[in-house]
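Report on one structure; see the data block that follows.
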Amino acid sequence: VKDRAGKPSGGFDWYGSPPANESLTAYGLLEFTDLKEVFPLEESLIPRVKDWLMSRRDGKGEFLRGSGRYGFGNAPKEVTNAYICWALTENWAPDGLDKEL
């Protein structure tokens with residue numbers, strides 16, 4: 001999904017239009033992390049996705065959630081929070097994720 005300036009925001013949506021979906025973006029992060037082992041990716045892709053997910057923290061130990069439009073991404077918030085944390089910590093330990101973990 002692109003931001004208002006037309007640059008990639010870091011988040012993903014099923015149809016490429018805002019708002020981005022946190023669960024789908026976490027899934028993409030896991031897939032891109034595996035894919036980079038066998039296929040060259042744009043170097044900024046994984047850090048951009050990780051930064052976007054980190055920007056979706058609410059400061060209270062959870063992640064903000066988009067609209068869940070199209071009926072997707074409507075898992076309970078506890079499941080979504082755990083999934084995003086797993087995606088962010090699968091191959092690295094980002095600083096500042098203590099509350100969420």
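Please read these numbers as outputs of a predicted model, since none were measured by experiment.
In terms of the salt bridge (Lys or Arg N to Asp or Glu O under 4.0 Å) criterion, R57 has no residue partners (sequence neighbours excluded). Under the ring-ring contact (aromatic ring centres under 6.0 Å, His included) criterion, Y83 pairs with W86, sequence neighbours left out. Listed by chain and residue number, K60, E62, L64 satisfy the side-chain contact (heavy atoms from CB on, under 4.5 Å) test with D58 (two or more places apart in sequence, or in another chain). Scored by the salt bridge (Lys or Arg N to Asp or Glu O under 4.0 Å) test, E78 finds no partners at all (sequence neighbours excluded).
Minimum heavy-atom separation, D13 to L24: C-CD2, 3.5 Å. Here the closest non-hydrogen pair linking A26 and A87 is O-CB, 3.5 Å. Nearest heavy-atom pair across C85 and L101 is CB-CD2, 3.9 Å. Residue W52 comes nearest to A20 through the heavy atom pair CZ2-CB, 3.5 Å, listed as atom of the first residue, atom of the second, then distance.
The salt bridge (charged side-chain N to carboxylate O under 4.0 Å, His left out) analysis of residues 79-88, with sequence neighbours excluded, yields no pairs.
Atom CE in M54 sits 11.5 Å away from atom CD1 in I84 (nearest 0.5 Å).
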Which donor-acceptor pairs under 3.5 Å do side chains of residues 29-46 form with protein atoms, sequence neighbours excluded?
| unit_1 | atom_1 | unit_2 | atom_2 | d |
| --- | --- | --- | --- | --- |
| T33 | OG1 | L29 | O | 2.7 |
| E42 | OE2 | S44 | OG | 2.5 |
| E42 | OE2 | R48 | NH1 | 3.2 |
| S44 | OG | R48 | NH1 | 3.4 |

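Contact annotation: the side chain of F63 approaches that of L88 to within less than 4.5 Å [non-hydrogen atoms, C-beta and beyond]. Side-chain atoms of N21 and F12, non-hydrogen and from C-beta on, never get closer than 4.5 Å to each other.
No donor-acceptor pair under 3.5 Å is formed between the side chain of T80 and the backbone N or O of K77. For K99 (side chain) and G59 (main-chain N/O), a donor-acceptor pair under 3.5 Å exists by modelled atom type.
At a threshold of 4.0 Å, the pair R56-E22 counts as salt-bridged, since one of the basic side-chain nitrogens sits closer than that to a carboxylate oxygen.
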